[in-house]
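Reviewing the structure listed below.
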2 protein chains.
Amino acid sequence: MSSTEKYHATTSHSVSKKAYHHGDLRAALIEATRQLVEEKGPDRFSVSEACRRAGVSTAAPYKHFKDKTEMLVATVLEGMDRHRSKMLAALDGIPEGSPERITAIGMEYIAFALSEPGIFRLKFGGFTDRIADPRLEEGGQQNFSILLTEVAKCLGEPGITEEVRRRGFLLWSFVHGLSFILHDRRLAEKGEEFDLHAILEDVSERMLN
Amino acid sequence: MSSTEKYHATTSHSVSKKAYHHGDLRAALIEATRQLVEEKGPDRFSVSEACRRAGVSTAAPYKHFKDKTEMLVATVLEGMDRHRSKMLAALDGIPEGSPERITAIGMEYIAFALSEPGIFRLKFGGFTDRIADPRLEEGGQQNFSILLTEVAKCLGEPGITEEVRRRGFLLWSFVHGLSFILHDRRLAEKGEEFDLHAILEDVSERMLN
DNA sequence: CTCATCAAGTTAGCATCTCTAACATATGTT
DNA sequence: AACATATGTTAGAGATGCTAACTTGATGAG
């Protein structure tokens, strides 16, 4: 269901031929947007600059996106997909029901927030009111479910019960806030000062009892 | 040390006289900025519109602020002052050393984030890299100290020890993340579904042992 | 009181940005 | 081959951030 599938990847060899048609401009614009959001910050991003980077005129994006906001939404969605994949991959090899699985999700959550702070803040930082896109909410819910599934197994609950939801919510709040603060205060750089993994283990235990 | 003191509050009666000089344009612009940031969102804010609202030309602000960013910084600083006052006021009447004081700070922290989400997100949402202003860091540290002081008393520690700092950091992370999520998901509206005060009491206890 | 000075307004204008309208060119269907 | 459609282009309107140069009025020295 990748949103790029409907665009045929033609002329992969003819980039230098200055083809009138780009091949997959939509994907190229998303990638340019992603880069710029990281380089300049979510607010300093401009459509024009993304166009320059993709090598097209400033009007071209409007054949693919309704407006600037939709361009950003598409970029965030792509980021959330990657984020989800990474969190799932992080679970690989850790035994079912182990609390270590919850720690692993938290570590990966924070790693994403720190390695792609632009996208992370674009999603969560302050644009939410405008970007009240149902696809974003759905993606967020999907990612949250990964955590809930593990919490349920850890607590020995039969499924996503109300109690599971409550505990998961507490855990998410903590890791979410931690992500912001670590980045804001550049505390990730002072890595030796505190062991992130240990903190997550500690808090998970406290929260899940 | 109010930053407005140096501006004489003249012509308080002559607003309608269309005085060439405004009286206290700096404060008026900060207030207009605050309103607009809440109404339109931190990103949709424009200097021009603040000027319109304050009734001056678009060049006027640059006599008081270096650029748009500094205008926003000044507005955030003003908000942080109010935030601090409110948190301190919330402690009034609660006995020293009581864990209830920590809950009260958390409640007030969240209340601010939900009642002034624009300012809250302007400070914490995604502009931090650009707004690496030492005054903002200092203000943040001051507000954090309010919490640390209470944590120290609750733990019976002699002062802001490393352990106090660690526990306070965990608590802050949790409340910080909760603030974002409650607003993002508009969960504050579904107030009956969960008792915020109870959650904070629960988590504080878990975190402080 | 007068006048020079300075702070704090103004207008005009440049560079940039978002987005639209009208036009141009590939692509692929028939 | 020809038409329809998708996907580019150029031109330009309207908003914005900020600067330069000018204007106004408050203030303090003589």
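In the text below, chain A, chain B and the rest are named by the order of the sequence lines, each starting its count at 1. Note that the structure is a prediction, hence the values are computed from the model and not measured.
The pair Arg166(A)-Glu162(A) does not count as a salt bridge, with every side-chain nitrogen at least 4.0 angstrom from each carboxylate oxygen.
Contact check, Ser46(A) against dC17(C): a side-chain N or O comes under 4.0 Å of OP1 or OP2. One finds a side-chain N or O of Arg52(A) lying less than 4.0 angstrom from the OP1 or OP2 phosphate oxygen of dC17(C). The phosphate of dG9(C) (OP1 or OP2) has a side-chain N or O of His64(B) nearer than 4.0 angstrom. Contact between the side-chain N/O atoms of Ser48(B) and the OP1/OP2 oxygens of dG17(D) is found at a separation under 4.0 Å.
Taking atom CG of residue Leu25(A) and atom P of nucleotide dA6(D), one finds them 16 Å apart after rounding to whole Å. The nearest whole Å value for the distance from the OH atom in Tyr62(A) to the P atom in dA11(D) is 18 Å. Counting to the nearest Å, the C1' atom of dC17(C) and the CG atom of Leu72(A) are 14 Å from each other.
Closest contact between the side chain of Lys68(B) and the listed nucleotides dG17(D), dT9(D), dT18(C) involves dG17(D). Distance from the side chain of Thr58(B) is smallest for dC18(D) among the nucleotides dC19(C), dC18(D), dT9(D).
Between Phe120(B) and Phe180(B), the ring-plane angle classifies as tilted under the 30° and 60° cut-offs.
On a pure distance criterion of 3.5 Å, a polar donor-acceptor pair joins the side chain of Lys63(A) and the base of dG8(D).
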